[in-house]
Every structure is written in C-alpha cells, then in structure tokens.
Amino acid sequence: MKTPPAHHEEDDEVRPIYRTSYGDIGVVLVAACCTLAFILMMILPSPIAKYEQQKARNDQAARQQQIDKAVASGEVSVGILPAKKH
C-alpha cells in the first residue's frame, strides 16, 4: 500500500502562478494598493489645501473690494503723510 504524498511534496492543484496560492497573491495585491495610495497621497496636492487657498483668495478679494469701496466713497484716504517736524 502506498501512502499519499504530503501536501508540500507534490502539489497537483492548478494555480495561476507557480506554487502561489490565492491568499498569497491577495496579500501582495493589498500591499501594492496601499503602497500606491501612500505614494499618491505624497505626490498629489491635498484637496483641503486647495480649498484653503481658494478661501484665502476669496477673503483677500472681498477685503480689497471693501477697501476700494471705502476709498471711493471718501471714508478713507490713501496717501503719503508729510514727514513729522521735530
């Protein structure tokens, strides 16, 4: 009587890549996706930073518009003051 071969000695299962199981391939794919996501986070600009830059531009434009309105109405004058005499 012949004993059956141990699993590691003779493997007759059909696998997509020689001697690798689906679980091993899955672990490698998950690690590759995590690495790619990390690299993309480091390279691409943050959407929050874009939002903050746009908000700062809008605030600056609104402030400049208020200053221009005040100068045009005469509430505020913009000019160079004469030097103080000592």
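Heavy atoms only: backbone and side chains are in, while hydrogens, waters and symmetry mates are out.
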If I take atom CG from residue Asn58 and atom CD from residue Gln53, how far apart are they, to the nearest 0.5 angstrom?
12.0 Å
A quick test of your reading: do over 12 heavy atoms of other residues, nucleotides or ligands sit less than 6.0 Å from CD of Gln65?
no
Evaluate whether atom CZ of Arg63 has more than 12 neighbouring non-hydrogen atoms of other residues, nucleotides or ligands under 6.0 angstrom away.
no
Rounded to the nearest 0.5 Å, the CG atom of Leu40 sits from the CE atom of Met42 at a distance of 10.5 Å
Name the residue from Leu29, Val28, Val27 that meets the side-chain contact (heavy atoms from CB on, under 4.5 Å) definition with Ile25.
Leu29
Between Leu44 and Leu36, is there a shared hydrophobic cluster once you connect ILVMFWY residues whose side-chain heavy atoms come closer than 4.5 Å?
yes
Where do Gln54 and Arg57 land on the side chain to side chain donor-acceptor pair (under 3.5 Å) test, with the steps shown first?
CA-CA 5 Å; Gln54 184 64 34; Arg57 274 190 235 121; 2.8 Å; yes
